[in-house]
Amino acid sequence: MRSRRGRSAAQPTRAGGSNPFRLVLMALIVITVSRFHQHFPALTAARPALLLAVGAAGFAMLNPRAIQIKNWTREWPMRLVIGLAILACFSVLFGISQGRAGKFFLESYSKVLISAFLVAGAIRVAKDLKQFVWAFVIGSGILSFLALFVFKPEPTQTGLVRLGHGYTYDANDIGCVLAVGLPLTLLTLQTSRTRGKILSVLILVATGMTFAISGSRGGFVGLVAICGWLLIMLREVSVLKRVGFILVVGIALAVKAPEGYWKQMQTITKPTADYNWSSKDGRKQVALRGLQYAMDYPVFGIGVSNFPMAEGTISEKARRHVVGTGIRWTAAHNTHVEVTAEMGFPGLVLWVFLLVGGVVSMVRLRSRLPRGWARGNEDQRFVYWSTVYLPVAVLGFAVTATFVSFAYADPVYLLAAYLTGVQASARALGVGARAAVVAPGGRRARAGRRAGLGPAQGIPSTL
């Protein structure tokens, strides 16, 4: 059945638009990614992220139609996030410090979860997804601007001058955030018009420069992984464009690299000569102790945010500690170890499914999309290219997260919301579990038309 204008009855109502609810969520993403409000004491005191999250949640409660609840239950990424949230609750009950874990869950982790669920639920069509992706890209651009012009580089013992801190981020944290932001910036560059492309290129250059001045070896490893994926796996993009992307970032990094940067990066190839290999508070020993915590508390872990406390109380290091001397309550410095230690092996399983599934599911979805969508209308193009670049963003996070404690930080949960949004947007365009259109008039073509696929949506009648 078609309307007078020939629109398919199965075609969904276009829900995209800059309504106040989505604008609030976009502002929330920009703030949580960039943390620019912390540059202004008065704005920091107002706690804008909390106000925006509470405001968006209140709006959703008063206007249930603003949220697609089925996005939380039908699409697998948010189901995994629900599983992680449940495990986190149990880790509070059965961890080594209910008070510390409970306070962290209520004051920090819950806000991250609420934001992710609101974003995932607010995505009905590709235009919604595009707005939220742009919010992350703008946030990473602002973060790069702050790193380049506001944050103060500090000399290290090795002679390298690098970023010492960025408000609540340190240099490695910035590298992890930008490892997610860089592929998303390539997505906006690929799918935007002239002004969007110009802004994306500027952010891309600023991102490359920020990787350099961060002096983060973890960020550099993540950048190499991203560039390697772009060069080898991104066959949907011409070789010339792939090389161009890499050159833009590489030249920006080389131009801004401080003295001693490349010498510092060379130490990556000699891990046994680094203090992280031999020191009791180095990454290797911390990771081994983290795995021991998981062995001692295999089901629910030691509790969210309890890793530093375990270091100072129940670790082998603590048992050998000489009374009257200091002991360092060390963070995990490895997100995957942090999840395993604090939420047990069930948490690790869900975490691995989220990261690996984020790559595999997008590759599989892309194989079911009509190839014509790569040059189709705005919505089709954004869904198609999202399946190309979101796996790169997940890879960037997975690699750089090996060097930071980001198990409960926003980037991975926003990625889960974006993965959900791609699935929901594809369904809104008529592609569910399978793309059924094969040939005009055939059985699968008729099934496709019943599902809302066909020329009315700009989808080729043959794949």
Side-chain angles (χ1 to χ4, degrees), residues 16 26 29-30 33-34 126-145 147-148 175 177-212 219 222-256 359 362 366 369 371 373-397 400 411 414-415 418-419 421-422 425:
M26 290 174 67
I29 293 172
V30 171
V33 171
S34 67
K127 187 173 183 180
D128 304 331
L129 174 63
K130 186 173 185 177
Q131 290 174 341
F132 293 137
V133 168
W134 260 112
F136 198 110
V137 171
I138 291 171
S140 62
I142 294 173
L143 179 61
S144 296
F145 176 87
L148 291 170
V177 174
L178 295 183
V180 176
L182 190 152
L184 297 183
T185 305
L186 292 177
L187 172 58
T188 58
L189 175 61
Q190 185 84 43
T191 57
S192 297
R193 297 179 182 177
T194 302
R195 287 184 295 180
K197 289 183 183 296
I198 293 173
L199 179 58
S200 297
V201 169
L202 292 175
I203 293 175
L204 206 61
V205 171
T207 299
M209 290 182 172
T210 304
F211 270 111
L223 183 60
V224 170
I226 291 170
C227 291
W229 181 283
L230 293 176
L231 192 60
I232 299 172
M233 302 297 293
L234 218 67
R235 298 178 181 177
E236 295 79 9
V237 181
S238 68
V239 175
L240 184 62
K241 284 187 177 181
R242 281 181 273 170
V243 173
F245 293 157
I246 295 171
L247 283 177
V248 168
V249 178
I251 292 173
L253 184 146
V255 167
K256 197 65 177 178
V359 175
M362 291 294 100
R366 183 166 69 251
L369 296 179
R371 292 185 179 180
W373 281 23
R375 299 174 301 278
N377 62 38
E378 183 179 350
D379 287 356
Q380 292 165 357
R381 289 176 62 240
F382 198 81
V383 169
Y384 184 89
W385 290 108
S386 291
T387 65
V388 173
Y389 288 106
L390 275 179
V392 189
V394 174
L395 173 70
F397 175 83
T400 53
L414 287 174
L415 279 177
Y418 295 160
L419 293 170
V422 175
S425 299

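Numbers for residues simply follow the sequence, beginning at 1.
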Report yes or no: does Tyr418 contribute a side-chain atom to a donor-acceptor pair with the main-chain N or O of Lys130 at less than 3.5 Å?
no
Close side-chain approach of Leu230 to Leu186, heavy-atom, < 4.5 Å:
yes
Minimum side-chain heavy-atom gap Leu184-Leu390 below 4.5 Å:
yes
Which distance, rounded to the nearest 0.5 Å, do you find between the CG of Leu415 and the CG of Leu419?
6.5 Å
Nearest 0.5 Å, please: how far is OG1 in Thr191 from CD in Gln380?
13.5 Å
Any side-chain heavy-atom pair of Trp373 and Arg381 under 4.5 Å
no
Between Thr188 and Ser200: side-chain donor-acceptor atoms closer than 3.5 Å
yes
Do the side chains of Met209 and Leu253 get nearer than 4.5 Å, heavy atoms only?
no
Between Thr400 and Gly175 the two heavy atoms that sit nearest each other are CG2-O, 4.2 Å
Is the backbone N or O of Gln190 less than 3.5 Å from a side-chain atom of Trp385, with the two atoms forming a donor-acceptor pair by type?
no
Do Val205 and Ile251 pass the side-chain contact (heavy atoms from CB on, under 4.5 Å) test, and can you show the C-alpha distance, the side-chain angles, and the key distance before you say yes or no?
CA-CA 8 Å; Val205 171; Ile251 292 173; over 6 Å; no
Show the nearest heavy-atom pair for residues Ala147 and Thr210, with the distance to one decimal.
CB-CG2, 3.5 Å
pair Ile203-Ser140: side-chain heavy atoms closer than 4.5 Å
yes
Student check: side-chain heavy atoms of Tyr389 and Val237 closer than 4.5 Å:
yes
What is the distance from atom CE of Met233 to atom CG of Leu395, rounded to the nearest 0.5 Å?
10.0 Å
Sidechain-backbone polar pair: Lys256 side chain, Ala212 backbone, donor-acceptor under 3.5 Å
no
At their closest point, which heavy atom of Leu143 faces which heavy atom of Val33, and how far apart are they?
CD2-O, 4.0 Å
Taking the side chain as every heavy atom from C-beta outward, state whether Thr207 and Phe211 have any atom pair closer than 4.5 Å.
yes
Give the intermediate values and the outcome of side-chain contact (heavy atoms from CB on, under 4.5 Å) for residues Val249 and Phe245.
CA-CA 7 Å; Val249 178; Phe245 293 157; over 6 Å; no
Are Ile226 and Pro183 close enough that some pair of their side-chain heavy atoms sits under 4.5 Å apart?
yes
